[in-house]
Amino acid sequence: MKASELFFPTLREVPSEAEVLSHQLLLRAGFIRKATAGVYSYLPLANRVLKKIMSIVREEMDRAGGQEVILPIVQPAELWKKSGRWEVYGDEMFRLKDRHNRDFALGPTHEEIITTLVDADVHSYRHLPLLLYQIQNKYRDEIRPRFGLMRGREFIMKDLYSFDIDEEGLDISYHKMYAAYNRIFQGLKLQYRVVEADSGAIGGNESHEFMVLAENGEAEIVYCENCDYGANTEKAVCFLEESKAEEEQLEREKVHTPGQRTIQDLLDYMSIPKEKQIKTLIYYADEELVAAIVRGDRELNEIKFKNVLGCNQLFMADEAAVKQLCGAGFGSLGPVGMPLKSYVDLEVSQMKNFACGANEDDYHFINVNLGRDFTPAGINDIRNAVAGDSCPVCSAPLYSMRGIEVGHIFKLGTKYSEAMEANFLDQKGKERPMVMGCYGIGISRTMAAAVEQSADENGIVWPLPITPFEVIIVPVNSKNEEQMQAAWSLYEEFKQEGLETIIDDRDERAGVKFKDADLIGIPLRITIGPRSLQEKQVEVKKRTAKDPELVPLDVVSSRVKLMLKEMSKQ
RNA sequence: CGGGGCGUGGCGCAGCUUGGUAGCGCGUCUGAUUUGGGAUCAGAAGGCCGCAGGUUCAAAUCCUGUCGCCCCGACCA
C-alpha cells in the first residue's frame with residue numbers, strides 16, 4: 001500500500017474529546033472518527049486490525065465446531081415480548097417503529113432471534129449440539145457511552161450460542177468455548193485473566209469473564225497468585241477467616257458527636273479506627289426500606305445485597321425518608337433500635353465493641369456488639385472484595401487490578417429455550433427444552449484494549465498478530481531517485497514475499513514520516529537514507545527498539561521475515 | 001437521570017467580564033528554498049461563532065430556550 005494513497009488522517013494534537021489513551025491514539029493515528037456519542041466510523045487501518053481480530057476469532061470458533069451465520073439487526077418486538085425482555089431491557093434498547101407503527105428493536109444481543117431460529121428448524125436430539133455464531137454490530141443505548149471504543153452504543157461483537165440436549169452437553173460446549181477463548185486471547189498477544197463472573201441473576205450457572213489488564217479498565221478484579229482464582233471485585237466471594245483472639249464485650253456507651261458525619265470524621269474526632277466502625281446504609285428494596293451494615297471502610301456490594309434480598313429494584317433511600325423512619329439523618333444511623341430489617345455483612349459478625357450511629361442526630365454508640373445490642377435479619381456476604389482479602393480457594397492474599405472485559409461466556413440453561421419454546425425430542429420421544437449457552441467477544445473493544453495495553457509516548461505499538469501492516473518502508477527523501485528506486489524495488493520484493501507493507505512515498509520530510517510510522521504503530525520500519533544506501537544497506541528498526549540495525553539490501557526481505565518470525569514467537 | 005465543563009475555519013485554542021461585525025498556532029492549497037525525528041519564506045483559500053428566539057442602532061459577546069459533545073456518579077451514613 002502506498003502511503004500517498006492510504007486514507008489515514010493523522011492528527012498532531014490530541015482531540016479535546018478524548019481522555020483515555022486508546023481513544024486518543026485511535027483518533028490521532030487516523031483509525032477512527034466519531035459520528036455521534038458512542039458511534040464510530042472505522043477507517044482503513046482500523047478495518048485491517050478488526051479483520052485480523054475477526055479472523056483469529058473465526059478460526060477458533062470454527063475449530064470449536066461453531067458455524068457462522070448472520071442474524072438480523074432489526075428485530076420485531078414480538079420476540080422480545082415473548083421472552084419478557086421487551087419490558088426488562090428498558091432504555092438500553094434502541095427501539096423504532098416501521099411505517100405500520102409496529103415496534104422493532106435494534107439487536108442489543110441475539111438470544112431471542114437465534115432461539116426462535118433454532119426452534120423452527122431443529123426438533124431432534126440427532127441435530128444437537130449446535131453451535132452458531134456471528135460477528136456483527138450490536139446496539140445498546142448505554143447510559144453513558146465512554147472512552148471511545150471501550151463502551152460504545154454501536155459496537156462489533158462476536159456472539160456464539162450453543163444448543164445442547166442436557167447439562168452435560170452444555171458443559172462440553174462451555175469448556176470448548178473456554179478453551180477457544182484462551183487460545184484467542186493468547187493468539188492476540190494480550191495480557192489477560194479469566195475471572196469468575198456473577199451467576200446470581202440466573203442462579204447457579206457458570207460464567208467467566210476474560211479481562212485484558214489495563215489501568216483504564218472499567219472493572220476491578222481480584223486474583224490469586226497462588227492458585228488460579230480470579231473474580232470481578234463486585235462478584236468475588238468474600239471468604240471469612242476464623243476469628244482470632246476473643247475480645248471481651250464492653251459496656252455500650254452513647255457519646256455526643258456534634259457534626260461528625262463520616263467515618264473519617266469519627267476517626268478524627270474519637271480516634272476510632274475504621275475497622276472498629278460500622279456503617280449503616282438504607283435502601284429501598286422494591287417498596288420496603290431495609291438497612292445494610294458493613295465495616296466502616298468497606299463498600300457495600302449492591303449486586304450481592306440484591307441477591308440476598310431477592311428483590312427486583314434496589315436503590316438508596318433519600319435522607320428525608322430515612323430521617324422520618326429512623327429519627328436521624330445519614331451519619332448518625334446505626335442498627336441499635338433501628339426500626340428496619342437490617343442485614344449484616346459476614347465480616348461484621350466477627351467484630352466486637354464497634355462504633356455506630358445512635359439513630360439520633362449527633363450521637364453515636366461505642367462498644368456495640370451484635371447479638372447483645374441488636375439482632376440482624378440476616379448475616380451474609382454483602383461487601384465488595386478488596387486486595388488483601390483471603391482467596392476463597394486457597395486462602396492466600398488476593399491482589400487487585402483493573403481490567404477491560406473483552407470476552408464473557410455464560411451458561412444460560414433453559415431460560416430462553418423455555419421462554420421461546422425451543423424444544424426437541426429426545427431418544428425416548430420426550431419433548432425437552434434445549435440447554436443453551438452464550439459466548440461473546442467485543443471485537444471493537446478488543447482493538448481498543450490492545451492499544452490500551454500496548455502503546456508508548458510516540459503512539460500505538462501493535463501486537464504482531466493484529467497489526468494493520470507488518471512493515472513500513474521509509475525513503476528519507478522522496479525526491480531522491482536513488483532512494484526511491486531502492487524503496488520501490490524493496491516494496492515489490494516484499495509484496496512478492498507476502499509481507500504486508502506500506503511504502504511511504506509521500507513528499508514529506510523524514511521527521512513527518514517517522515512520526516506517522518510510530519503513531520500508527522507498524523512493528524517494523526525500513527529506513528532508506530543516503531548514508532547507508534551508499535554501502536548498499538538499509539536500516540531496519542523495530543517499533544519497540546531504540547536503534548536500528550543495518551542490513552545489506554540483498555538480504556533485507558529474508559532478514560525482515562526472520563525478525564517477524566521471532567517477534568511472533570515472543 | 002443527577003452534578004460539572006465545553007460548543008468560534010479540518011485540529012487545538014484566544015476573544016465574551018466592559019456589545020461595534022473574528023483572531024492565533026497547527027493543518028490545507030500555490031511557488032521557491034529545503035530534506036535523517038512533525039522545515040523556512042512568500043502568497044492564498046477556508047468561519048450562518050452549535051441552533052432558534054429575544055434585547056439593542058448594533059450580538060461570538062447580554063437574556064431565554066433548545067440541541068450536541070466530554071468528564072464524574074451516592075462511596076458517604
Side-chain angles (χ1 to χ4, degrees), chain A residues 9-20 23-24 27-28 30 33-39 90-92 141-148 151 216 218 234 257 260-266 274 277-284 291-302 314-319 322-323 326 328-335 338 342 355-359 361-362 364 383-384 386 457-459 474-480 483-484 504 506-519 525-533 538-539 541 546-548:
Chain A
T10 56
L11 304 171
R12 267 185 206 213
E13 279 160 303
V14 180
S16 60
E17 69 187 50
E19 200 89 349
V20 168
H23 190 195
Q24 293 180 347
L27 283 168
R28 279 193 60 211
R33 286 294 183 261
K34 183 179 71 188
T36 181
V39 180
D91 293 334
E92 215 172 292
D141 196 359
E142 296 280 350
I143 302 172
R144 185 147 98 82
R146 56 175 151 185
F147 302 158
R151 181 166 296 275
N216 286 320
E218 288 194 294
E234 44 180 42
T257 51
Q260 311 304 310
R261 282 178 54 97
T262 69
I263 294 291
Q264 187 62 41
D265 287 344
L266 274 185
K274 290 172 181 174
Q277 300 182 37
I278 58 165
K279 59 184 180 189
T280 307
L281 305 134
I282 311 298
Y283 277 86
Y284 279 105
I293 294 162
V294 295
R295 203 174 89 177
D297 57 336
R298 302 303 195 193
E299 286 175 17
L300 178 75
N301 182 320
E302 294 187 2
L314 182 73
F315 54 95
M316 235 188 177
D318 52 297
E319 187 154 11
V322 169
K323 194 144 189 169
C326 306
F330 296 161
S332 295
L333 297 174
M338 168 76 59
S342 54
C356 65
N359 296 324
D361 282 335
D362 295 335
H364 279 77
R383 72 173 171 94
N384 278 342
V386 292
E457 64 280 5
N458 293 316
V474 179
V476 163
N477 183 343
S478 304
K479 292 232 171 83
N480 180 300
Q483 285 175 33
M484 288 313 286
D504 199 340
R506 296 175 301 170
D507 184 16
E508 291 285 354
R509 298 172 65 87
V512 174
K513 298 184 188 178
F514 293 153
K515 287 284 181 194
D516 275 345
D518 286 349
L519 184 59
R525 188 183 81 202
I526 315 285
T527 308
I528 300 174
R531 295 195 289 269
S532 50
L533 195 57
V538 296
E539 292 163 28
K541 184 186 160 304
K546 226 179 134 206
D547 299 308

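Letters go in sequence order (proteins before strands), and every chain restarts at 1.
- Note on A:Arg146: only backbone sugar-phosphate atoms sit closer than 4.0 angstrom, heavy atoms only; bases stay farther off.
- In this entry B:rC24 has B:rG12 as its Watson-Crick or G-U wobble partner, both defining distances falling under 3.5 Å.
- Distance noted for atom C1' between B:rC1 and B:rA45: 46 Å (whole Å).
- Here A:Arg509 does not reach the OP1 or OP2 of B:rG37: none of its side-chain N or O atoms lies under 4.0 Å away.
- The listed nucleotides are B:rC71, B:rG36, B:rG12; the one nearest the side chain of A:Glu19 is B:rC71.
- Closest approach to the A:Lys279 side chain among B:rC76, B:rA39, B:rG36 is made by B:rC76 (side chain taken as heavy atoms from C-beta onward).
- Residue-level contact check: A:Gly529 touches the bases, meaning some heavy atom is under 4.0 Å from a base atom.
- In the set B:rG36, B:rG37, B:rC76, B:rC76 carries the atom at the smallest distance from any side-chain atom of A:Leu281.
- Pair assignment for B:rG73 gives B:rC1, based on Watson-Crick or G-U wobble hydrogen-bonding distances that are each under 3.5 Å.
- Contacts of A:Ser478 with the nucleic acid, taken as non-hydrogen atoms under 4.0 Å apart, are absent.
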Under 3.5 Å, which donor-acceptor pairs link side chains of residues 9-20 of chain A to any protein atom two or more places apart or in another chain?
residue: A:Thr10; atom: OG1; partner: A:Asp516; partner atom: OD1; Å: 3.1
residue: A:Glu17; atom: OE1; partner: A:Lys34; partner atom: NZ; Å: 3.3

### Query
How does protein contact run along nucleotides 22-28 of chain B, one letter per nucleotide 5' to 3', with B for base contact, S for sugar-phosphate only, - for none, heavy atoms under 4.0 Å?
---BSS-

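- For B:rU56 and B:rG19, the P atoms lie 16 Å apart once the distance is rounded to whole Å.
- Counting only distance, with no hydrogens or angles, the side chain of A:Lys279 and the backbone of A:Leu300 share no donor-acceptor pair below 3.5 Å.
- Under the Watson-Crick or G-U wobble criterion, with both distances below 3.5 Å, B:rU55 has no partner in any strand shown.
- Here A:Tyr283 pairs with A:Phe305 under the ring pair (Phe, Tyr, Trp, His ring centres under 6.0 Å) rule; sequence neighbours left out.
- Heavy atoms of A:Val14 sit under 4.0 angstrom from primed sugar atoms or phosphate atoms, though from no base atom.
- Looking at the side chain of A:Arg531, the nearest of the listed nucleotides B:rG38, B:rG36, B:rA74 is B:rG36.
- B:rG20 and B:rU66: their P atoms are spaced 28 Å apart (whole Å).
- Residue A:Arg298 is out of contact with every strand shown, counting any heavy-atom pair closer than 4.0 Å.
- Interface remark: the A:Arg28 side chain does not form any donor-acceptor pair with the B:rG10 base, using a distance-only criterion of under 3.5 Å.
- A distance of about 38 Å separates the P atoms of B:rU30 and B:rC71, rounded to the whole Å.
- Base-pair partner of B:rC48: not found among the strands shown (Watson-Crick or G-U wobble, both distances under 3.5 Å).
- Nucleotides B:rG50 and B:rA59 have their C1' atoms positioned 16 Å apart, rounded to a whole Å.
- Checked against B:rA39, B:rC75, B:rG12, the side chain of A:Glu299 finds its nearest nucleotide in B:rC75.
- Close to B:rG36, at under 4.0 Å from its OP1 or OP2, lies no side-chain N or O of A:Thr527.
- Within the nucleic acid shown, A:Leu300 has no heavy atom closer than 4.0 Å to any nucleic acid atom.
- Across all strands shown, B:rA42 forms a Watson-Crick or G-U wobble pair with B:rU30, both key distances being under 3.5 Å.
- B:rA32 and B:rG68 are spaced 49 Å apart, taking the P atom of each and rounding to whole Å.
- Residue contacts for A:Asn480: at a heavy-atom cut-off of 4.0 Å it reaches no nucleic acid atom on any strand shown.
- Listed nucleotides: B:rC11, B:rG12, B:rG37. Nearest to the side chain of A:Lys515: B:rG37.
- Comparing B:rC11, B:rG38, B:rC70 against the side chain of A:Glu17 picks out B:rC70 as the nearest.
- The residue A:Pro9 sits apart from the nucleic acid: no heavy atom pair falls under 4.0 Å.
- If you check B:rC11, B:rG73, B:rC69 against the side chain of A:Ile143, the one that comes closest is B:rG73.
- When the P atom is compared between B:rC67 and B:rG27, the two are found 38 Å apart, to the nearest whole Å.
- For B:rG36, its base never sits under 3.5 Å from the side chain of A:Asn477 at any donor and acceptor pair.
- The same atom, P, is picked in B:rC48 and in B:rG5; the two are 29 Å apart, to the nearest Å.
- Taking CZ of A:Arg295 as the start and CD1 of A:Ile278 as the end, the distance is 12.0 Å to the nearest 0.5 Å.
- Closest contact between the side chain of A:Lys479 and the listed nucleotides B:rG36, B:rC1, B:rU34 involves B:rU34.
- One distance of note links OG1 of A:Thr527 with CG of A:Asp504; it measures 10.5 Å at 0.5 Å rounding.
- The side chain of A:Ala510 has B:rG36 as its nearest neighbour among B:rG36, B:rG12, B:rC69.
- Contact check, A:Thr36 against B:rC69: a side-chain N or O comes under 4.0 Å of OP1 or OP2.
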